[in-house]
K.L.:
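This is the structure I have questions about; it appears just below.
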Amino acid sequence: MSAHDSDTTTNSDLLAGSTIVAILRSIQETFRPRLSTLGSWAGRVIRSSLLYRWFTMEPEPEVIVIDLRRTRTVGPFIAILDRIVETLAPYFEDSQLKTGLDVLAAWISALAETRVGQLIVTLLEPPTTPDQPEEPNRTGNSKDDCDRLE
């Protein structure tokens, strides 16, 4: 085989006989229905997490919100990151990395349906909060504590 022959061989020809690629594709086809289940489950877990709720809660009236995209120091870096992500996103959609991550997600979904997985989900779920938690004032005392002091 000459050097010219190896240059004209396409990636799909090289991967066609790969055992690993065949195994990954068969695993992907086996777990494809579970991927959507995993996606919705992951979305529910993320949306119910304390960190997500902290990031998405409405700011207090006294809090000043600054749009970092409009600042001179951070704005250009955010613009560069946006351009990089927009450029690389189509390549990621067609990549083997995405295929591997899909297979991993399917495996995790299957694991989540086991007893051990259910236990882990139960341990990682955030606790339920009361409907109206009592908010302390600036001194750290609740309204009832201040009423008792008067």
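The first residue in the sequence is number 1, and the count goes up from there. Worth saying up front: this structure is predicted, and the values here are computed from it rather than measured.
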K.L.:
Please check if the number of heavy atoms outside L81 that lie under 6.0 Å from its CG is greater than 12.
P.N.:
yes

K.L.:
Is there a side-chain contact between V45 and Y52 (heavy atoms, below 4.5 Å)?
P.N.:
no

K.L.:
Can you tell if the side chain of L111 reaches within under 4.5 Å of the side chain of V116, non-hydrogen atoms only?
P.N.:
no

K.L.:
Look up atom CG in D102 and atom CD in Q96, then write down how far apart they are to the nearest 0.5 Å.
P.N.:
11.0 Å

K.L.:
Around I20, counting heavy atoms of other residues, nucleotides and ligands shown, do more than 12 lie under 6.0 Å from its CD1?
P.N.:
no

K.L.:
With distance as the sole test, does S48 use its side chain to make a donor-acceptor pair with the main-chain N or O of R44 at under 3.5 Å?
P.N.:
yes

K.L.:
Please report the shortest heavy-atom distance between R53 and R47, naming the atom on each side.
P.N.:
CG-O, 3.8 Å

K.L.:
Let me confirm one number: the CD1-CD distance from I108 to E113, rounded to the nearest 0.5 Å.
P.N.:
13.0 Å

K.L.:
Let's go through L101 and F92 carefully: what are the C-alpha distance in whole Å and the side-chain angles of both, what is the deciding distance for side-chain contact (heavy atoms from CB on, under 4.5 Å) to 0.1 Å, and is it a yes or a no?
P.N.:
CA-CA 11 Å; L101 290 174; F92 175 74; 3.9 Å; yes

K.L.:
With heavy-atom distances below 4.5 Å as the criterion, would you say the side chains of I78 and L68 are in contact?
P.N.:
yes

K.L.:
Distance from S95 atom OG to L88 atom CG, nearest 0.5 Å?
P.N.:
10.5 Å

K.L.:
Determine whether W107 and I120 fall in the same hydrophobic cluster, where Ile, Leu, Val, Met, Phe, Trp and Tyr are linked whenever their side-chain heavy atoms lie under 4.5 Å apart.
P.N.:
no

K.L.:
With side chains defined as the heavy atoms from C-beta onward, is the minimum distance between Q118 and T114 less than 4.5 Å?
P.N.:
no

K.L.:
Under 4.5 Å between any side-chain heavy atoms of D82 and R69, yes or no?
P.N.:
yes

K.L.:
What about L51 and L124, same hydrophobic cluster or not, with Ile/Leu/Val/Met/Phe/Trp/Tyr joined at side-chain heavy-atom distances under 4.5 Å?
P.N.:
no

K.L.:
First locate atom CD1 of I84, then atom CD1 of I80, and finally report the distance between them rounded to the nearest 0.5 Å.
P.N.:
7.0 Å

